[in-house]
Undergrad: 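Got a structure for you, written out below as structure tokens; questions coming shortly.
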Amino acid sequence: MTIRKFAALAAGTALLTLAAGSNAMAEDSVEVLHWWTSGGEAAALNVLKEDLESKGVTWQDMPVAGGGGEAAMTALRARVTAGNAPTAVQMLGFDIIDWAEQGVVANLNDVAEEEGWADVVPAALQNFSKYDGNWIASPVNVHSTNWVWINKAALDAAGGKAPESWEELVAVLDKMKENGITPLAHGGQPWQDATVFEAVVLSLGNDFYKAALNDLDPEALGSDKMKEAFDRMAKLRTYVDDNFSGRDWNLASAMVIEGTGGMQMMGDWAKGEFLKAGKKPGEDFVCIRFPGTQGSVTFNSDQFVMFQVGEDKQKAQKLMASAVMNPEFQSAFNVVKGSVPARTDVPNDAFDDCGKKGMADLAEANSGGGLFGSMAHGHGAPAAVKNAVNDVVTQHFNGELTSEEAVEELKNAVAAAQ
Ligand code: BGC
């Protein structure tokens, strides 16, 4: 379904609800804290805003930029401490559990039961949408982080074959360098460095990823394989331009879109930027799994966690929780966002080839034991561990630690953060 058709349908539903006399009142509003501030992200958020507006719910925006949501979580802490929580907050994995433990989130059991969420939301997501058996969040998508986005013309000029192994990847990057472009478009921010790092770790084996970045096994964290992961990171650093430090991820995407950069290693929210720029998968850009991770997926799911709010806001809050879970909405939203639906019953018809691949890969990884929580995006371990990993990875990427030192630091920092 196209977005326009979806909007028309949503508006129609609103009219029917109005006729039935049970519509949201004009003053119904939701205040939503999120970090969707890039062009592609804002376009996706608009699908939600318009849907809610068609249901008579006004949107109060509270954007806090920064991938991975660290800055957003800091802003949230200030609001909750002041006793003034937003209605809904975009949140990832273990952060959801942390907030639920504080006893400040709402209970969505009535909507969830009425709409049968338990039957359509995959168990890996329900682990974070529910706390103590109660629904507290509506999952809006499943992103995955082990993707590479390649400029098609730059790939053609580098031989035309998408790399399938580490060796092939290095060969393509070398060729792009020879061709005079920045082979690897990258933004030097800890969460971006960590996004590349976890793909590199996954490329050294499913068991290794799980042991190191989900189970936090000191042996895996301190292993020779981990040294190899850091060596590969040091190699990737040689393909990044000198101005990478602090660059936002969407500016790195723009380099690939424009062809000054060859490829970006980034979660599938990057696709939202390509689409927003009018680029077509297969024609203008190519999406592949990070070489060596085919068949496996590191996932993260954006969920809207509902906070305890005054009675006057609860109706709109429930309307939002329900709207997010609507299957047509999940299709329309995720087509724009670059992610895939958080429900198993949404058809893939409206998705482009990268989206269809994303859905198929997720199903394959899920049934084949290759689905793992993304460490960089809050689904591998609680925030304290994630931040400790990010710090070490960034220091190493910036040349402040050798690979040997990084392995030792990683093992110690993870142990100290638990
Ligand atoms: C979120 C995405 C977002 C990305 C960059 C990730 O942590 O899950 O929805 O687009 O950060 O902002």
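Just so it is clear, the structure is predicted and the values come from calculations on it, not from any experiment. Positions are given from 1, in the same order as the sequence printed here. As the structure lists them, so they are numbered: ligands from 1, and atoms in each ligand from 1.
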Undergrad: Is there a heavy atom of G69 sitting under 4.0 angstrom from any atom of ligand 1?
TA: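 Contact absent.
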Undergrad: Flag W36 as yes when one of its N or O atoms lies below 3.5 Å from any N or O atom of ligand 1, and as no otherwise.
TA: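 It does: an N or O of W36 is found under 3.5 Å from an N or O of ligand 1.
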Undergrad: How about H143 and D268: does a side-chain donor come under 3.5 Å of a side-chain acceptor?
TA: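 A donor-acceptor contact under 3.5 Å links the two side chains.
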Undergrad: Mark up the atoms of ligand 1 that fall under 4.0 Å of a heavy atom belonging to H143, in ascending order.
TA: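 So the atoms of ligand 1 that pass are 2 (C), 8 (O), 9 (O).
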Undergrad: Quick check on contacts: which atoms of ligand 1 are under 4.0 angstrom from a heavy atom of L92?
TA: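 Result: 7 (O), 8 (O).
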Undergrad: Angle class for the W249/W269 ring planes (parallel below 30°, perpendicular above 60°, tilted otherwise)?
TA: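 Perpendicular, since the angle between the ring planes exceeds 60°.
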Undergrad: Parallel under 30°, tilted from 30 to 60°, perpendicular over 60°: which one fits the rings of W36 and F333?
TA: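 It falls in the tilted class, 30° to 60°.
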Undergrad: Counting only heavy atoms not in Q102 (residues, nucleotides, ligands), do more than 12 fall under 6.0 Å from its CD?
TA: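 Buried by this count: over 12 neighbours within 6.0 Å.
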Undergrad: Is there at least one pair of N or O atoms, one from N141 and one from ligand 1, spaced under 3.5 Å apart?
TA: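 N141 vs ligand 1: no N/O contact under 3.5 Å.
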Undergrad: In terms of atom number and element, which parts of ligand 1 are under 4.0 angstrom from non-hydrogen atoms of H377?
TA: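 Near H377, meaning under 4.0 Å from one of its heavy atoms, ligand 1 has 6 (C), 7 (O).
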Undergrad: Which word best sums up how the rings of F128 and F94 line up, parallel for under 30°, tilted for 30 to 60°, or perpendicular for over 60°?
TA: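 Judged by the thresholds at 30° and 60°, the geometry between F128 and F94 is perpendicular.
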Undergrad: Take atom CD in E31; do more than 12 heavy atoms of anything else shown fall under 6.0 Å from it?
TA: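 Yes, CD of E31 has more than 12 neighbouring heavy atoms, counting only those of other groups under 6.0 Å.
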Undergrad: Considering non-hydrogen atoms of the protein only, which is the closest contact for atom 11 (O) of ligand 1, and what is the distance?
TA: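 Of the protein heavy atoms, W35 NE1, 3.2 Å lies nearest.
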Undergrad: Just need the protein heavy atom nearest to atom 1 (C) of ligand 1, so name the residue and atom and give the distance.
TA: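 Looking at atom 1 (C) of ligand 1, the protein heavy atom closest to it is D302 OD1, 3.4 Å.
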Undergrad: Which residue is it: Y209, W191, F290, F230? I am looking for the one with a ring pair (Phe, Tyr, Trp, His ring centres under 6.0 Å) to F197.
TA: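 Testing each of Y209, W191, F290, F230 against F197, the sole residue satisfying ring pair (Phe, Tyr, Trp, His ring centres under 6.0 Å) is F230.
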Undergrad: Any atoms of ligand 1 less than 4.0 Å from a non-hydrogen atom of G67? List them with their elements.
TA: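 Numbered from 1, ligand 1 contributes 5 (C), 11 (O), 12 (O).
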Undergrad: More than 12 non-hydrogen atoms from neighbouring residues, nucleotides or ligands closer than 6.0 Å to NZ on K210, yes or no?
TA: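 Counting neighbours around NZ of K210, 12 or fewer heavy atoms of other residues, nucleotides or ligands fall under 6.0 Å, so no.
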Undergrad: Quick check on contacts: which atoms of ligand 1 are under 4.0 angstrom from a heavy atom of W249?
TA: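 Result: 5 (C), 12 (O).
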Undergrad: Among protein heavy atoms, which lies nearest atom 5 (C) of ligand 1, and at what distance?
TA: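 Result: E41 OE2, 3.1 Å.
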Undergrad: Pull out every atom of ligand 1 sitting under 4.0 Å from any heavy atom of K337, numbered as shown with elements.
TA: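 Counting from 1, the qualifying ligand atoms are 2 (C), 3 (C), 9 (O), 10 (O).
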